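Following: one structure in structure tokens, then a few remarks.
Note that these values count all heavy atoms, side chains included, but never hydrogens, waters or copies made by symmetry. Sequence lines set the chain letters: A, B, ... in the order given, protein chains first and strands last, and positions in each chain run from 1. Everything numeric here is computed off the predicted structure, so don't read it as measured data.
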Amino acid sequence: MNAAPVVTRFAPSPTGELHLGNVRTALFNLLLARRSGGRYVLRIEDTDAARTTEAHVDGLVADLRWLGLDWDEGIGVDGAHGPYRQRDRGMVYGPLLDRLLQQDRAYPCYCTSAELELSRRTQLAAGRPPRYAGTCAQLDASARAAHAASGARAALRFRIPAGRMVQFDDLVHGPQHVDTALIGDFVIRRQDATPAFFFANAVDDSLMQVTHVLRGEDHLANTSRQLLVLEALDMRAPRYGHLPLLTGADGAPLSKRNGAQSVRELRESGYGALAICNQLFRLGHSCGDNSTLTLAGMAENFELKHLQRASAHFDPVQLRHWQSLWVRSLSPQQAQAWLAPFLPAVLAPAQRAALVAALLPNIVAAGDVAEWLPVVLGGELQWESDARVAVERAGADFFRAVTGALTDEEAQLASLRAASGRKGAEFFAPLRAALTGRLHGPELAPLLKAMSPALVRSRLGVWIR
RNA sequence: GCUCCCUUCGUCUAGAGGCCCAGGACACGGCCCUCUCAAGGCUGGAACACGAGUUCGAAUCUCGUAGGGAGCGCCA
């Protein structure tokens, strides 16, 4: 598009199922790129071998694809900056790590986790920030050799320059500055030789030419570390923007405990991808348009200046609203495809179409069809007491009359009404009650079309005597 | 403990000194429509955390207080 295209990325860690907070981050990065005709990259941060599983990688990719959040470059999509899984990028990290070591911007650390833990606890108890004490910071060559000779494997720590002020302009929060005196030397390569987050994440963004990073606010306080690493390597840093966290209704970070569902769960309970995206688009980002937007529409409306700085509560009720709008926007064909997994497999096409047509106006979540299936298809009715009263009040004569108007063809509401000699609620209420066991529900005419003539006859017939 | 971030209706948000005795959306109530429910239309109640200060004027600027959150990991 222009000389400096926007490149964004989503860099999840495959240690669990994709949840809404992640999806929003992915969505915003995608939209930021799309808005300006830039590129959006998907990188998998799987350096934590213990928690990473291939199932999670597959799930992540499947969820993102289902949501329609397709990437221009990344896992499964060839690009010029791969590989896109960090576990495959060892050859990229090695030389950079060596350089930092040679330039003394990093040093080997032989401290054990027990020692580090003790140090942390001591500092905390003394009311001090728990930072690396610098035990190995000044080891000379012979001391290092001695450690190495004893078989100890070193982690590599980044040496924080003293007395510096790291400054950056956050895309969301504005100018930030951090005194390096407040930062402890941190690990950039673990003892097992795998790269650590602050290093790999920063370096990959730079290498992949990422220009804008939108990520969770939990990274704000640590951004200075990544900036320092890139500076030491003389690499270009992206611009960072920190999105407010998504919380549950209780204000605590979104989790299973406060009702957060994974994308997989949402999908399986019949939520539409676009409904989810529309809801997320308005969480931490404002949009004057209250209609359901496509991803392209969202991209047009996405503005960094419309990003909120305060955390947002995820409200399932609002998701339901977007879901409702989405459902009402479905064509009959789309509605049938959407509902298919929730309907009995053996259903004649015509009956399926009639069923969907009848129920759709009253459905929000796809699972809502479940309660109507026995009603329409001929299962046991769950009688509401009011409905029973309405049926009894109508009397056997009413049902004898309407049953007389039934044919073996599809039941015609108009002829039943004519036969009953009644109109309005006097006619509909007992009919609805006898057919469905309740007084509320989808419009009766399409409902009747969806039910088999035999079922209608038997439901009405029982009330004649 | 230290550092950083945040604070407008119940919720999501508009608002970048006068257009705001604060607008929209969801939710909730009422009315209309209607065989009921849903949808739709109209309508109602509902908020600038608190306290100082700057200013002719503050939701908007400054400081403080309170509350919430995050970070300080060989997790990401």
Side-chain angles (χ1 to χ4, degrees), chain A residues 11-13 15 45-48 50-51 109 111-113 116-117 120 123-132 153-157 170 172-173 176-179 181-184 186-198 200-201 215-225 242 244-245 247 249 251-253 279 282-290 305-306 308-315 317-322 324-325 327-328 359-364 368 386-387 390 413 417 422-433 436 438-445:
Chain A
S13 190
T15 54
E45 308 222 327
D46 53 359
T47 59
D48 183 353
R51 293 200 302 151
C109 171
C111 296
T112 65
S113 53
L116 294 171
E117 180 56 29
R120 242 192 310 277
Q123 293 181 74
L124 238 19
R128 307 184 63 81
R131 285 198 279 271
Y132 180 60
R153 292 174 62 185
L156 200 60
R157 273 184 198 277
D170 190 272
V172 177
H173 295 276
Q176 306 289 314
H177 51 88
V178 180
D179 187 341
L182 300 174
I183 311 172
F186 55 91
V187 170
I188 53 177
R189 186 188 64 204
R190 304 186 191 103
Q191 208 170 50
D192 66 5
T194 57
F197 173 80
F198 292 131
N201 179 269
R215 54 177 2 178
E217 200 174 45
D218 46 337
H219 292 292
L220 180 58
N222 286 325
T223 298
S224 54
R225 298 175 174 218
H242 291 90
L245 262 25
T247 69
Q279 158 75 127
R282 275 99 175 166
L283 243 32
H285 181 271
S286 61
C287 176
D289 192 334
N290 288 321
K305 69 179 177 209
H306 286 163
Q308 185 81 3
R309 288 175 304 280
S311 60
H313 294 70
F314 166 72
D315 183 356
V317 174
Q318 284 176 17
L319 172 59
R320 210 178 148 79
H321 169 251
W322 294 107
S324 172
L325 290 188
V327 169
R328 287 189 293 105
L359 299 185
L360 197 66
N362 281 58
I363 298 299
V364 178
D368 294 350
D386 286 355
L413 208 51
R417 178 161 44 192
R422 301 188 187 190
K423 58 183 182 179
E426 287 284 289
F427 166 70
F428 283 102
L431 187 62
R432 171 181 294 283
T436 70
R438 47 187 109 173
L439 255 18
H440 304 306
E443 254 191 280
L444 219 37

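A/T47 comes within 4.0 angstrom of sugar-phosphate atoms only, judged by non-hydrogen atoms across all strands, and of no base. Using a 4.0 Å heavy-atom cutoff across all strands shown, A/G184 reaches no nucleic acid atom at all. Nucleic acid contact class of A/L116 (heavy atoms, under 4.0 Å, all strands): base. Among the protein residues, A/H219 comes within range of the nucleic acid bases, having at least one heavy atom under 4.0 Å from a base atom. As judged by a 4.0 angstrom heavy-atom cut-off over every strand, A/L444 is placed among the base-contacting residues. Counting non-hydrogen atoms under 4.0 angstrom, A/Q279 reaches nothing in the nucleic acid. Backbone-only engagement by A/Q176 is indicated by non-hydrogen atom pairs under 4.0 Å involving sugar-phosphate atoms exclusively. A/R131 comes within contact range of the sugar-phosphate backbone alone, with a heavy-atom separation under 4.0 Å but no base atom that close. Counting any heavy atom pair closer than 4.0 Å across all strands shown, A/A312 reaches sugar-phosphate atoms only and no base atom. Using a 4.0 Å heavy-atom cutoff across all strands shown, A/F198 reaches at least one base atom of the nucleic acid. Contact annotation for A/S13: backbone-only contact, meaning every heavy-atom pair under 4.0 Å involves sugar-phosphate atoms and none involves a base. Here A/L439 lies in heavy-atom contact (under 4.0 Å) with a base. Residue A/P244 is classed as having no contact, given no heavy-atom separation below 4.0 Å to the nucleic acid. Residue A/R225 is in sugar-phosphate contact alone, with no base atom involved, counting any heavy-atom pair closer than 4.0 Å across all strands shown.
Atom name P, nucleotides B/A25 and B/G68: the rounded distance is 33 Å, in whole Å. Between the C1' atoms of B/C32 and B/A38, the separation comes to 16 Å (whole Å). Remark: the separation of the P atoms in B/A22 and B/C48 is 10 Å, to the nearest Å. Comparing B/U62 with B/G23, their P atoms sit 26 Å apart, to the nearest whole Å. The same atom, C1', is picked in B/U34 and in B/A39; the two are 11 Å apart, to the nearest Å. Straight-line distance between the P atoms of B/C37 and B/G30: roughly 12 Å, to the nearest whole Å. A distance of about 12 Å separates the C1' atoms of B/C6 and B/A49, rounded to the whole Å. Between B/A46 and B/C5, the distance separating the two C1' atoms is 29 Å to the nearest Å.
Checked against ring pair (Phe, Tyr, Trp, His ring centres under 6.0 Å), A/F314 has no partners two or more places apart in sequence or in another chain. With sequence neighbours excluded, the residues that form a side-chain contact (heavy atoms from CB on, under 4.5 Å) with A/R438 are A/E371, A/W372, A/V375, A/E384, A/T436. Contacts of A/E117 classified as side-chain contact (heavy atoms from CB on, under 4.5 Å), with partners at least two apart in sequence or in another chain: A/R120, A/R121. A search for side-chain hydrogen bond (donor to acceptor under 3.5 Å, both in side chains) contacts involving A/D315 returns nothing, not counting sequence neighbours. The ring pair (Phe, Tyr, Trp, His ring centres under 6.0 Å) check on A/H219 picks up A/F197, with sequence neighbours excluded.
Proximity of a side-chain donor or acceptor of A/Q191 to a complementary backbone N or O of A/R153 within less than 3.5 Å is detected. Side-chain atoms of A/S13 come within 3.5 Å of backbone N or O of A/E45 as a donor-acceptor pair. The closest donor-acceptor contact from the side chain of A/Q123 to the backbone of A/R131 lies under 3.5 Å. No donor-acceptor pair under 3.5 Å is formed between the side chain of A/R309 and the backbone N or O of A/H173.
Position along RNA chain B of the nearest nucleotide to A/G441 versus A/G127 favours A/G127 as the more 5'-ward residue. Take the nearest nucleotide of RNA chain B for A/F314 and for A/P129: the residue whose nucleotide is more 5' is A/P129.
Searching all strands for a Watson-Crick or G-U wobble partner of B/C61 with both distances below 3.5 Å returns B/G53. Across all strands shown, B/G29 forms a Watson-Crick or G-U wobble pair, both distances under 3.5 Å, with B/U43. Using the Watson-Crick or G-U wobble rule with both distances under 3.5 Å, B/C19 pairs with nothing in any strand shown. When Watson-Crick and G-U wobble pairs are counted only if both distances are under 3.5 Å, B/U34 pairs with no nucleotide at all. Here B/C4 sits opposite B/G69 as a Watson-Crick or G-U wobble pair (both hydrogen-bonding atom distances under 3.5 Å).
In summary, contact between chain A and RNA chain B, defined as any nucleotide atom under 4.0 Å from a heavy atom of the protein, begins and ends at B/G1 to B/A76 in the 5' to 3' direction.
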